[in-house]
J.: 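Got a structure for you, questions after.
Read the numbers this way: they start at 1 and go in the same order the structure lists the ligands and their atoms. Counting begins at 1 with the first residue of the sequence. Any value given below was found using the heavy atoms of this structure, including those in side chains, with hydrogens, waters and symmetry copies removed.
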Amino acid sequence: MAGKNLLEKVWQRHKVRTLPSGQDQLFIGLHLIHEVTSPQAFGMLKEKDLSVKYPDRTYATADHIIPTDSISRPFADPLAEEMLRVLEVNTQEYGITYFGPDSGKQGVVHVVGPEQGLTQPGMTIACGDSHTATHGAFGAIAFGVGTSQVRDILATQTMAISKPKVRRINVNGMLPKGVCAKDLILAIIGQLGVNGGLGYAYEYSGDAISAMTMEERMTLCNMSIEGGARVGYVNPDDVTYEWLKGRSYVRDFASMKAFGEEMKSDADAVFDDEIIFDASDLKPMVTWGINPGQVVAVDEALPSVDSLPEEEKETAERAFEYMGFAPGECMAGKKIDVVFIGSCTNGRLTDLREAAAVIADRRVADGVTALVVPGSQEVAVAAVEEGLDKVFEKAGFEWRNAGCSMCLAMNPDKLKGRQLSASTSNRNFIGRQGSPTGRTLLMSPAMAASAAIAGRVVDIRDSEGGAA
Ligand code: SF4
């Protein structure tokens with residue numbers, strides 16, 4: 001009999017039953033909640049006089065609305081203050097552990113979960129946030145869910161969901177110098193398209209993936225959703241276990257590792273689809289349009305609309321018009337106004353290290369506003385211990401408090417007017433960074449730091465600070 005992949009094994013372990021709708025009722029091992037998508041769900045719970053089934057499997061933090069300049073209460077924005085207050089009341093009422101701004105552990109939910117060791121191999125994880133796939137880096141099956149599913153999970157610790165097919169993406173060869181996980185996932189989305197993963201889970205494997213750190217794997221899995229995949233994951237290995245060793249919520253390391261080994265894909269596992277990528281010829285990538293699939297290598301010409309598949313032509317035309325770019329132009333050299341280094345994609349310690357290494361002793365270009373926003377309070381403390389905050393501040397970056405910041409701009413950090421932003425976040429949708437006419441270029445932390453210094457998009461491979 002053919003072997004099984006991780007998704008099949010984890011599904012089998014967590015499936016409660018098949019529902020009349022044809023979907024499966026799946027037990028969720030870990031439920032992460034935050035201030036934006038939980039209030040309504042708690043409201044529905046209260047309406048029906050239901051309790052939280054497993055408060056000890058539910059963890060909360062606050063990220064989207066947190067102001068990153070000051071966390072003094074009350075917040076200047078009364079709506080943000082109210083959202084945080086409601087989360088505080090709900091977590092207290094239902095006995096849910098809450099990593100709030102006073103805890104020293106607050107941060108972007110997808111940074112906090114792994115950092116605390118809550119995210120573990122073989123788990124099912126859900127969170128009312130699109131980028132929950134991040135946790136798949138640990139060999140978990142992690143879903144971004146809507147408010148009604150948050151309600152269902154709070155009330156029953158289960159949710160109704162259809163089992164996705166699995167596409168294995170084999171990434172052979174090694175990433176060249178100056179090319180990182182962000183470039184790889186952007187290239188994958190560019191090739192397969194933003195809808196290429198619909199109905200699929202992505203299993204990332206191959207030499208390049210095995211060689212990645214956990215932070216790089218998180219960056220990769222984080223953006224699976226941008227390629228249309230429901231989840232993305234990497235099979236657990238020694239890199240995974242070593243990273244988790246000693247973390248607060250890893251209470252029984254041996255059992256965790258044994259379960260991870262049991263759940264990982266068999267050597268002869270069968271997949272619904274398989275794709276091979278060669279990492280060795282990848283280049284630093286930059287988005288040019290209004291979705292993450294509109295991406296090119298930094299030194300390559302933007303495509304002509306005619307050269308694109310029929311279904312992409314209309315969006316490309318809109319993108320050229322909105323961004324103010326033209327086919328045949330190159331992204332290298334584009335003047336930028338704002339740099340944002342942070343988010344659940346690239347707000348971890350290693351991301352900040354990579355950006356700081358590029359800066360060396362140079363300064364942010366005149367006229368550029370540059371923000372560094374650690375993904376969590378623990379990331380911030382570790383970065384300060386290494387003196388990274390000083391490197392950034394000396395160069396003219398603003399060193400901020402942990403939060404989502406300008407990734408989604410549900411807080412005071414926003415683009416103004418048509419500003420062009422070099423951002424390490426994950427979405428370049430119209431208006432995503434807070435200005436209805438603002439423009440976003442997605443790139444790696446090293447590329448964003450380089451852009452801050454030069455005041456324009458540069459090829460990190462040519463940058464003075466070197467290709468970290
Ligand atoms: S950093 Fe951005 S993508 Fe990540 S959770 Fe916050 S708003 Fe969502």
J.: Does any N or O in the side chain of E378 come within less than 3.5 Å of the main-chain N or O of K105, such that one atom is a donor and the other an acceptor?
T.: no

J.: State if R432 counts as touching ligand 1 under the rule of any non-hydrogen atom under 4.0 Å.
T.: yes

J.: Nearest 0.5 Å please: distance from the CD atom of Q157 over to the CG atom of D56.
T.: 8.0 Å

J.: Does the pair E88/R73 count as a salt bridge with the N-to-O cut at 4.0 Å?
T.: yes

J.: Would you mind reporting whether V234 and T240 have side-chain heavy atoms less than 4.5 Å apart?
T.: no

J.: Is there a donor-acceptor pair under 3.5 Å between the side chain of T219 and the backbone N or O of T345?
T.: yes

J.: Between Y202 and Y200, what is the ring plane arrangement, given parallel below 30°, perpendicular above 60°, and tilted in between?
T.: tilted

J.: What protein N/O/S atoms are there under 2.8 Å from atom 4 (Fe) of ligand 1, waters excluded?
T.: C344 SG

J.: I would like to know whether H110 and T134 meet side chain to side chain donor-acceptor pair (under 3.5 Å); could you show each step before the answer?
T.: CA-CA 6 Å; H110 311 309; T134 312; 4.6 Å; no

J.: Select one of side chain, backbone, both or neither to describe which atoms of H64 lie under 4.0 Å from any atom of ligand 1, heavy atoms only.
T.: side chain

